[in-house]
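One structure is given below, encoded as structure tokens.
Note that these values count all heavy atoms, side chains included, but never hydrogens, waters or copies made by symmetry. What you see is a predicted model; the values in this text were computed from it and never measured.
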Amino acid sequence: LQTGQTGPCAFCTSGRLLNPDGTFSAPVVWEFQNTVNKKWYECRDRAIVWHDGRVARLEIAADMTRRKQAEEASKKSDEYFRTISEVLPASVYRISSEGEVLYAASGCRELFNYSPDKVLGMNFTDFVMPEDHGIVQDAFQRLLVGQPVHNVEVTARRSDGTSFFASINAVPVLRNG
């Protein structure tokens, strides 16, 4: 029994293991934090036929506490990154390993004159004049292999096509794509 529990679990999946016609449903996968040991579990429940012919519930629970802790730490790290990047006067962004903009702080959006919804999904080369695409692609390749980029001079391009000189300084923060 869980802490404070006096009857069947409110989260019990037994009622979802059989279809209305009595056939077995697909396994039910769910997450649960044990109130006694405080650990998180990924549970997989399904109906099975017991050795004596009765239908029984089989549940396999795998400890996923470390994964939950890592997810929470990642969430806090992302919140910290966004908070810091929004107050910096510089242009701060995050791009995927394919070059797609995943995040752009307000400084980046203001500098290039794009609305926030327009920036996401764009390719990093969209922010420089075509004659400098090779320069930024070379810098990007260095970032992908873990090398920082310092003082790479390019002609940047705003959404209205006007240009300005920019110096790119970037450090790789490689995370699962």
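- In this structure, Ser163 contributes its side chain and Arg157 its backbone to no donor-acceptor pair below 3.5 Å.
- Distance CG/Asn37 to OG1/Thr65: 7.0 Å, rounded to 0.5 Å.
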### Task
Apply the test salt bridge (Lys or Arg N to Asp or Glu O under 4.0 Å) to residues Arg158 and Asp160: give CA-CA distance (whole Å), side-chain angles for both, the deciding distance (0.1 Å), then the verdict.
CA-CA 5 Å; Arg158 292 187 181 92; Asp160 63 5; 5.7 Å; no

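- Atom CD of Gln69 sits about 8.0 Å away from atom CZ of Arg66, to the nearest 0.5 Å.
- Under a 3.5 Å cut-off, the side chain of Asn19 and the backbone N or O of Phe24 do form a donor-acceptor pair.
- Ring geometry for Phe164 against Phe112 counts as tilted: the plane angle lies between 30° and 60°, on a 0 to 90° scale.
- To the nearest 0.5 Å, atoms CD1 (Ile168) and CZ (Phe140) are separated by 11.5 Å.
- Here CE of Met129 is found 8.5 Å from OG1 of Thr162. Values are rounded to the nearest 0.5 Å.
- Annotation: salt bridge (Lys or Arg N to Asp or Glu O under 4.0 Å) contacts involving residues 38-47, sequence neighbours excluded, comprise Lys39-Asp63, Glu42-Arg44, Glu42-Arg67, Asp45-Arg57.
- What you find for Ser159 and Asn113 is that their closest heavy atoms are OG-O, 2.6 Å.
- Not a single ring pair (Phe, Tyr, Trp, His ring centres under 6.0 Å) links Tyr41 to another residue, sequence neighbours left out.
- Looking at Thr13, its side chain never comes within 3.5 Å of a backbone N or O of Val28 through a donor-acceptor pair.
- Evaluated for a side-chain contact (heavy atoms from CB on, under 4.5 Å) with Ile135, the options Val128, Val152, Thr155 yield exactly one hit, Val152.
- Considering only residues two or more places apart in sequence or on other chains, Asp126 meets the side chain to side chain donor-acceptor pair (under 3.5 Å) condition with none of them.
- Contact between Ala47 and Leu18 at its shortest, heavy atoms only, is CB-CD2, 4.0 Å.
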